[in-house]
J.: 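Just dropping this structure here.
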There are 2 protein chains.
Amino acid sequence: MGTTQLETVPEPKYWHLKTVLSEALDSEFSVGEILPNERDLAARFGVARATLRQALEQLELEGRLQRRRGVGTTVAPPRVGVAVGTEQHAWPGLAGDVWQPADCVQAAPPAAVAAALETAPDEAVHTVRRSRVSHGQPVAAELLYVPASSVPDLSAIDAPSGPARARAVLRELHRLELEGRDSSVELGSARADDAKELDRLPGAPVLVVTTRFLAAGRTAALSVATYRADTCRLTFGDSGGVEIHQTPERRAS
Amino acid sequence: MGTTQLETVPEPKYWHLKTVLSEALDSEFSVGEILPNERDLAARFGVARATLRQALEQLELEGRLQRRRGVGTTVAPPRVGVAVGTEQHAWPGLAGDVWQPADCVQAAPPAAVAAALETAPDEAVHTVRRSRVSHGQPVAAELLYVPASSVPDLSAIDAPSGPARARAVLRELHRLELEGRDSSVELGSARADDAKELDRLPGAPVLVVTTRFLAAGRTAALSVATYRADTCRLTFGDSGGVEIHQTPERRAS
DNA sequence: CAGTGGTCTAGACCACGGA
DNA sequence: CCGTGGTCTAGACCACTGC
């Protein structure tokens with residue numbers, strides 16, 4: 001009738017809040033700047049703290065914000081592009097590899113890994129832990145599973161564990177001829193150990209890159225790499241990848 | 001002194017809850033089965049509904065659960081692998097392409113896209129909307145930006161918009177020689193329009209795949225594809241990719 | 001219309017970081 | 001020690017689905 005339609009679809013408060021904050025971040029804040037604390041922000045927008053947090057959570061998921069307990073909420077730098085698809089035909093650990101070997105133990109892998117490696121569920125495999133750092137920040141943690149059959153000549157004189165052992169396993173692996181590899185990317189949440197290494201809380205969103213290395217007609221090694229989803233943009237292909245900042249839908253301008 | 005240390009690091013309730021639920025899903029439920037509602041579940045575990053929801057949220061993020069308002073919470077099938085890296089040297093829309101052209105308009109793209117295409121910020125480009133379906137479910141929505149200079153001979157007799165127009169733009173694009181392409185993957189949250197097409201709520205987690213198509217020494221087209229993060233595993237490389245179900249850390253068994 | 005998940009509130013206490 | 005973000009509670013109402 002005479003009433004104008006105020007809101008056909010009442011937008012959730014946290015969604016609207018996210019839009020407002022996002023625009024404020026673009027125009028009024030610079031990278032690294034610290035925001036008012038959550039209680040103040042909530043009061044300023046006239047919402048409960050939980051609602052404000054729902055908006056902040058999404059912005060953090062999108063890599064716009066960084067929150068740290070005991071410190072505060074800061075404006076995050078643009079996501080860093082990390083190459084994961086280059087050197088399609090190189091083994092891990094060759095010269096120029098960005099990964100840093102941290103440790104190596106021999107243990108029974110998770111069932112799914114054993115299945116992919118075609119080893120018995122309780123058969124121990126070499127498990128190399130590596131970490132990846134970019135711009136001074138840890139961006140990824142990796143577990144590389146190498147069945148004993150892929151490195152038959154691994155010398156017993158090497159250390160039984162530790163970085164030296166890790167390098168020894170990689171060195172032996174390089175003696176095989178790499179026939180190909182394939183990868184997959186999916187969303188996951190950080191396990192406790194990965195979270196610690198990535199300087200995040202357990203459950204933080206991560207991009208899990210699983211890579212299978214093929215040699216001698218079978219899976220010679222399997223890598224499960226966990227990247228921080230908030231700070232990383234994974235790049236594949238010929239060159240560095242594109243930096244597209246996914247903008248929210250345009251308002252009538 | 002005599003007291004045993006009950007919990008050195010008191011695990012958050014929702015984290016423990018998630019572990020318990022996850023194990024129950026493995027052993028006591030089958031795919032598609034519907035769980036008790038949130039109020040009952042919360043009561044059963046003796047926690048507030050918000051806490052229970054925090055656990056469910058994570059499990060949904062990991063693709064273990066599927067929640068739908070008005071319906072309930074069901075056990076999700078394993079993530080479907082969708083190939084995004086094959087045909088490294090093919091244009092979009094060639095025979096065999098899994099994408100379905102939905103529409104095409106001519107409009108000014110977001111600023112970041114204009115920058116990548118090296119067009120003026122207010123210059124209109126062909127914007128093709130396509131959708132991708134797998135196993136009967138929508139898995140991705142794409143916006144393909146094609147500057148007018150990439151399709152100079154686009155006939156005026158074609159429809160000004162709609163699927164026919166989209167096919168015409170793609171057809172013209174194929175006349176260029178593709179020199180290469182690169183992609184990047186990052187985490188995002190679904191915009192309202194994408195969310196609708198993907199049958200999710202706005203803000204749902206998505207994997208954003210940005211692909212740049214290179215021809216004649218510049219970016220001839222740019223694709224921004226939004227995949228459902230809860231149901232998809234993106235695969236790259238030689239073959240189909242590996243199915244690794246990232247298991248939480250082992251408890252002493 | 002009844003039942004589901006989604007949003008929101010106004011509190012409380014805890015864990016962590018830095019001064 | 002104080003201030004921060006992280007967890008948790010016990011409610012309330014809303015939007016959607018299917019009967």
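Residue numbers begin at 1 in each chain, while the letters A, B, ... track the order of the sequences.
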J.: Can you check the A/Ile34 CD1 to C/dG17 P distance for me, whole Å?
T.: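 Result: 15 Å.
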J.: Let me know the distance between NZ of A/Lys18 and P of C/dT7, rounded to the nearest Å.
T.: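 In whole Å, C/dT7 P lies 12 Å from A/Lys18 NZ.
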J.: After noting the C-alpha distance and the side-chain angles of B/Leu25 and B/Leu65, does the key distance pass the side chain to side chain contact (heavy atoms under 4.5 Å, CB included) rule?
T.: CA-CA 9 Å; B/Leu25 289 181; B/Leu65 291 180; 3.8 Å; yes
J.: Using a cut-off of strictly less than 4.0 Å, decide whether B/Tyr14 has a side-chain nitrogen or oxygen near OP1 or OP2 of D/dC8.
T.: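 Negative; the distance criterion is not met.
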J.: How close or far is atom C1' of C/dA15 from atom CD of B/Glu11, stated in whole angstroms?
T.: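 Result: 15 Å.
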J.: Can you tell me how far apart CZ (B/Arg167) and SG (B/Cys104) are? Round to the nearest 0.5 Å.
T.: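 B/Arg167 CZ to B/Cys104 SG: 11.0 Å, rounded to 0.5 Å.
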J.: Residues from residues 48-57 of chain A sitting under 4.0 Å of DNA chain C, heavy atoms only?
T.: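 Nucleic-acid contacts, sorted: A/Ala48, A/Arg49, A/Ala50, A/Thr51, A/Gln54.
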J.: For A/Arg67 and D/dT4, what is the distance between atoms CZ and P respectively, to the nearest whole Å?
T.: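 From A/Arg67 CZ to D/dT4 P: 14 Å.
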J.: Rounded to whole angstroms, how far apart are CZ on A/Phe45 and P on C/dT7?
T.: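 Taking atom P of C/dT7 as the reference, CZ of A/Phe45 is at 19 Å.
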J.: Taking only Lys NZ, Arg NE, NH1 and NH2, and the carboxylate oxygens of Asp or Glu, determine whether B/Arg53 and B/Glu38 approach each other closer than 4.0 Å.
T.: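 So B/Arg53 pairs with B/Glu38 through a salt bridge.
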J.: Charged N to carboxylate O under 4.0 angstrom, B/Arg129 versus B/Asp194?
T.: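 Salt bridge between B/Arg129 and B/Asp194, a charged N being under 4.0 Å from a carboxylate O: yes.
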J.: In residues 35-43 of chain A, which residues come under 4.0 Å of DNA chain D by heavy atom?
T.: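 Heavy-atom cutoff 4.0 Å gives A/Asn37, A/Glu38, A/Arg39.
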J.: Just by distance, do the side chain of B/Asp103 and the backbone of B/Gly162 share a donor-acceptor pair under 3.5 Å?
T.: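 Checking the backbone N and O of B/Gly162 against the side chain of B/Asp103, a donor-acceptor pair under 3.5 Å is found.
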J.: Is there a donor-acceptor pair under 3.5 Å between the side chain of B/Arg228 and the backbone N or O of B/Leu198?
T.: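 The answer is yes, because a donor-acceptor pair under 3.5 Å joins these two groups.
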J.: Taking the side chain as every heavy atom from C-beta outward, state whether B/Val125 and B/Val113 have any pair of such atoms under 4.5 Å apart.
T.: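 Not touching, per the 4.5 Å side-chain cut-off.
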J.: Taking the side chain as every heavy atom from C-beta outward, state whether A/Val47 and A/His16 have any pair of such atoms under 4.5 Å apart.
T.: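 They are not in contact (no side-chain heavy atoms under 4.5 Å apart), so the answer is no.
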J.: What pairs of nitrogen or oxygen atoms, one from the protein and one from nucleotides 17-19 of chain D, lie under 3.5 Å apart?
T.:
none

J.: Taking A/Asp230's backbone N and O only, do any of them form a donor-acceptor pair with A/Arg79's side chain (distance below 3.5 Å, no angle check)?
T.: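 Side chain of A/Arg79 to backbone of A/Asp230: a pair is present.
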J.: What is the distance, rounded to the nearest whole Å, between atom NE2 of B/His16 and atom P of D/dG6?
T.: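 Spelled out: NE2 on B/His16 to P on D/dG6 is 22 Å.
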J.: Round to the nearest Å and state the distance from A/Arg200 atom CZ to C/dC16 atom C1'.
T.: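 Between C1' of C/dC16 and CZ of A/Arg200: 14 Å.
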J.: Hey, does the side chain of B/Thr73 come within less than 4.0 Å of C/dG5's phosphate (OP1/OP2), counting only N and O?
T.: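 Checking B/Thr73 against C/dG5: at least one side-chain N or O falls below 4.0 Å of OP1 or OP2.
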J.: Answer yes when B/Arg64 and B/Asp26 have at least one side-chain N-carboxylate O distance shorter than 4.0 Å, and no when they do not.
T.: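 Answer for the salt bridge query: yes.
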J.: Using modelled atom types and a 3.5 Å cut-off, is there a donor and acceptor pairing between side-chain atoms of A/Glu60 and backbone atoms of A/Arg67?
T.: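 Yes: the side chain of A/Glu60 pairs with the backbone of A/Arg67.
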